[in-house]
Amino acid sequence: MERDELVSPFTAQVIAIIRTIPSGKVMTYGQIAALAGSPRGARQVARILHSMSKKHQLPWYRVISSKGEISLKDDEQKMALQLEGVEVNNWSINLSIYQYYPDNNA
DNA sequence: TGAATGACAACCC
DNA sequence: CGGGTTGCCATTC
């Protein structure tokens with residue numbers, strides 16, 4: 001059971017960032033990774049989600065690929081996004097509209 | 001300790 | 001636009 005304080009700062013940041021994603025918005029892996037301190041750490045974000053999403057109450061379904069598509073193509077994820085107001089077209093989402101840009105001054 | 005893994009990104013054709 | 005290849009880097013075995 002890894003606490004945020006025990007995991008690496010990068011992981012803790014990723015988790016914190018995901019928690020700031022508001023309803024009806026989404027973020028890409030690369031964006032989260034960059035905000036967490038590793039612009040090339042998109043893959044770690046994916047791994048973190050896999051590893052921590054069940055331990056943390058992370059809205060992982062708000063995290064999508066940079067192409068604006070859902071990764072797992074899971075019906076629940078798609079449904080959850082739509083319920084939040086995100087228009088999902090065949091697993092694709094219009095990032096121009098739904099991508100969330102958090103403030104550095106969180 | 002070292003090597004493999006991975007819910008990706010970017011680039012190239 | 002679509003498919004394939006390379007790069008990245010923390011986590012896990």
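Values reported hereafter were calculated over all heavy atoms of this structure, with side chains retained and with hydrogens, waters and symmetry mates removed. Labels below follow one simple rule: chain letters A, B, ... track the order of the sequence lines, proteins then strands, and each chain is numbered from 1.
- Using a 4.5 Å heavy-atom cutoff, the side chains of L49(A) and I18(A) are in contact.
- In this structure, I64(A) places its CD1 atom 12 Å from P of dC8(B), rounding to the nearest Å.
- Rounding to the nearest 0.5 Å places CD of Q13(A) at 8.5 Å from CG of L35(A).
- dC8(B) atom C1' lies 14 Å from atom CG of L95(A), rounded to whole Å.
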Classify every nucleotide of nucleotides 5-11 of chain C by which part a protein heavy atom approaches to under 4.0 Å, writing B for the base, S for the sugar-phosphate alone and - for neither, in 5'-to-3' order. --BBBSB
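- In this structure, Q31(A) places its CD atom 16 Å from P of dC8(B), rounding to the nearest Å.
- Going from atom CG of L49(A) over to atom C1' of dT5(B) covers 16 Å, rounded to whole Å.
- Counting non-hydrogen atoms of neighbouring residues, nucleotides and ligands closer than 6.0 angstrom, the CD atom of E87(A) reaches no more than 12 such neighbours.
- Taking the side chain as every heavy atom from C-beta outward, V63(A) and I21(A) approach each other to under 4.5 Å.
- For E84(A) and K25(A), the salt-bridge test fails: no basic side-chain N is under 4.0 Å from an acidic carboxylate O.
- Using modelled atom types and a 3.5 Å distance limit, the side chains of S71(A) and Y29(A) yield a donor-acceptor pair.
- For T28(A), no side-chain nitrogen or oxygen approaches OP1 or OP2 of dC8(B) to under 4.0 Å.
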